[in-house]
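Keep in mind the model is a prediction, meaning the values are calculated, not measured.
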Amino acid sequence: MQRLLVLAGPSGRQDSLVDLLRTQHEVVVAHSMEAALKELRAGEIDAVFSDAADFLPLERAIASQQSGLILDTIGEGICITDEQGQILWANRRMKQWAEPIRDRIRAVCCEAREIFVNQQSPATEDRGKSQGNVTLPHHPNRSRKFSFSIDETHYFEMFCSPVIDSSRRVTQVVAICWDATSGRRLQQKIDAIDQAGRELVRLEGEAIAKLNVSQRLKLLEEKIIKFCRQLMHFDHFAIRLLDRKTNKLELVICVGMPTEAMEVELFAQPDGNGISGYVASTGRSYICADVTKDSRYVTGLANAGGSLTVPLMLHDKVIGVFNIESSQTSAFTEDDRQFAEIFGRYVAVAINILNLLVVERYNTTGQLASDVSSEIAGPLNDITSETTLLMDDYIGNDDMRRRLQVILDNVTKIRRSVREVAEGPKTILGGDAAPKAADPLLNGKRILVADDEPNIRQTIADLLGRFGCQVDTASDGAEAIALIASKAKYDLVLSDIKMPHKNGYEIFAAVQKMGHKAPVILMTGFGYDPNHSIVRATQDTSAGAGLSAVLFKPFKVDQLLNEIRKAVGSRAAT
């Protein structure tokens, strides 16, 4: 049944029409224009009946009502001010703002009117006509953008437009104003992300050359922790990197998480491996509003409420995950997700740069420089693309676009900086250059070299062979432990920390179980110690001095030989 409105005048001429319509429709009768408008506002009306004389006034009243409804519904404040800056009309949003805000708006409207009046001056008009062969546009009605703050905590932006009469005189100013506090905070976060990203990947040749890989990783870790806390106020987070060989997510940085969360083994699989496993396998970020209601969530922060997990992307491939947790439910927004993803790209680039600077994998400096530059090209392009898309979203906002342009400029600087560092001095293993020489301390010593990188394993074996050592090699942890158990004695075990099947600490522990307890030197190719082999071996009081040294790749030949001589010499002395 349709709902009809009949505007009935005082004469009652519509009574017969009303009776007829009521036989098939629901009819609402209004006896005045105000009552008719009230009914239109109150509910849905399918048709309106009125005298012809009342139709045009009713149509105008409806249009005026709809216009007022639109102006009162939109989120921006709108007002019209006179020549003295007094508000002649304002919509509902403008009226809701506190008096100090409206005072500032009136002051800005006065400032805008002065600008518009000056634009109408003869001198300005002459400049707007022509200069030589160049015609300069004259825009007397162009709007002007203004911004102001209240107590440095709330920020507002507004557009002012002149109302010009037939004699080209500015009579009024129309202003549209909105609360830009969230936008300003967005700008501040973008500035902070830009600064953080530049700090993460900033490589100063002279400074970085003085650091070994472990020190570089420690520096990167400190920066990540600092920026996570300062930039996004994240106090509980973990970064795991994906091991392509095992598909395992290795924990490399963990802040504010309990021990049981650190010890959970996670793999890049969509099911059964928590949110981190899902994100690593799909490459999609994940906001968990309430951990108690999400079946994917596994052990993390004690009394956790919500979490945010984003992938670390490199060349459109997932290299790890960045997991943040909060004690509050619904703690993370889409803005948090977007910023964490951008920050995560910087983290991925920074980690990859350090990884590529493990230069024993390369034979020439030029090849290293080329590989580093090509490896980071894609990730930096991703940052450029995302920043460009954001610039498109802020067309008309010159301040935001200027800040985003700074990010684009810094990407160019990053490319140049990386190239310069990659081409700088390197600490190459240099095994091929070492001369063959007799060494009574090393001659005849039986040494086990365990490393899953064939070139490193063979280079060290060949080097020690030149000094008269008897060298066995193992390509993974299980093979190394099998050799340790089968041989009568080793004078030294030289093992990588991170290998398939068994890690560095397990190899160290296997050596300690042997009666002779050969000294052990542990190596790590990137400073990572996901299973805490170094700490556990150092703190193992029952084994004591069994851990002779830790070498951080890339290391020089002399450094390797010095540590081996010290380890073998100390054993001989005992």
Side-chain angles (χ1 to χ4, degrees), residues 213-214 243-248 250 358 360-361 429-432 434 442-538 540 543 545-555 557 559-568 570-571:
V213 177
S214 177
D243 186 332
R244 293 288 177 188
K245 295 180 180 179
T246 63
N247 208 37
K248 185 178 179 180
E250 299 280 10
V358 180
E360 81 284 351
R361 301 179 184 179
L429 190 60
D432 294 338
L442 298 181
N443 188 48
K445 296 297 188 290
R446 175 165 292 186
I447 298 176
L448 172 62
V449 178
D451 199 304
D452 60 330
E453 290 283 350
N455 59 327
I456 299 176
R457 184 173 65 245
Q458 195 57 49
T459 300
I460 295 176
D462 292 345
L463 172 69
L464 296 179
R466 295 176 200 168
F467 290 91
C469 298
Q470 301 177 36
V471 182
D472 293 332
T473 62
S475 59
D476 60 50
E479 184 182 356
I481 290 178
L483 287 171
I484 292 169
S486 65
K487 296 291 182 179
K489 280 188 177 183
Y490 276 117
D491 296 295
L492 174 69
V493 174
L494 186 65
S495 172
D496 189 41
I497 285 177
K498 184 173 177 291
M499 289 190 298
H501 308 308
K502 298 293 182 179
N503 60 50
Y505 179 77
E506 291 171 305
I507 293 172
F508 170 83
V511 171
Q512 303 315 305
K513 290 179 181 178
M514 305 298 292
H516 57 281
K517 294 185 179 181
V520 177
I521 294 177
L522 293 178
M523 304 178 292
T524 177
F526 186 22
Y528 289 161
D529 189 10
N531 295 289
H532 309 290
S533 296
I534 298 173
V535 174
R536 293 166 70 186
T538 303
D540 192 343
L547 181 63
S548 178
V550 177
L551 290 173
F552 296 101
K553 305 172 186 177
F555 44 75
V557 172
Q559 183 184 2
L560 172 65
L561 292 175
N562 286 340
E563 294 298 344
I564 291 175
R565 289 187 177 105
K566 284 194 294 184
V568 173
S570 63
R571 178 174 173 80

Problem set entry | Contact check, side chains of Leu522 and Ser495, non-hydrogen atoms, under 4.5 Å | yes
Problem set entry | Distance-minimising heavy-atom pair for Ile521 and Ala567 | CD1-CB, 4.3 Å
Problem set entry | Closest heavy-atom pair and its distance - Gly444, Asp491 | O-OD2, 4.5 Å
Exercise. Going from CD1 on Ile564 to SG on Cys469, what distance comes out if it is rounded to the nearest 0.5 angstrom?
Worked result: 7.0 Å
For this session: Taking the side chain as every heavy atom from C-beta outward, state whether Asp496 and Glu453 have any pair of such atoms under 4.5 Å apart.
Result: no
For this session: State, to 0.1 Å, how close Leu448 and Ala480 come at their nearest heavy-atom pair, and which atoms those are.
Result: CD2-O, 3.8 Å
For this session: Could you grab the distance from atom CG of Leu560 to atom CE of Met523, nearest 0.5 Å is fine?
Result: 8.0 Å
Problem set entry | Minimum-distance pair of heavy atoms, taken over all atoms of Ala549 and Glu563 | CB-OE1, 3.3 Å
Exercise. To the nearest 0.5 Å, how far apart are NE2 in His501 and OG1 in Thr246?
Worked result: 10.0 Å
For this session: Could you tell me whether the side chain of Arg446 and the main chain of Gln470 form a donor-acceptor pair under 3.5 Å?
Result: no
For this session: Flag the pair Ile447 / Ile460 as yes when at least one side-chain heavy-atom distance between them is below 4.5 Å, and no otherwise.
Result: no
For this session: Decide yes or no for Tyr490 and Asp472: does some side-chain heavy atom of the first lie under 4.5 Å from some side-chain heavy atom of the second?
Result: yes
For this session: Give, for atom CD1 of Ile484 and atom CD of Gln512, the distance between the pair rounded to the nearest 0.5 Å.
Result: 9.5 Å
Problem set entry | Heavy-atom pair with the smallest gap, counting every atom of Val471 and Gly465 | CG2-N, 4.4 Å
Problem set entry | Distance (rounded to the nearest 0.5 Å) between Glu479 CD and Ile507 CD1 | 10.0 Å
Problem set entry | Side chain proximity check, Ser548 to Lys566, heavy atoms < 4.5 angstrom | no
Problem set entry | Closest non-hydrogen atom pair, Pro500 against Asp476 | O-CB, 3.7 Å
Exercise. Roughly how far, to the nearest 0.5 Å, is CG of Leu464 from CG of Leu561?
Worked result: 7.0 Å
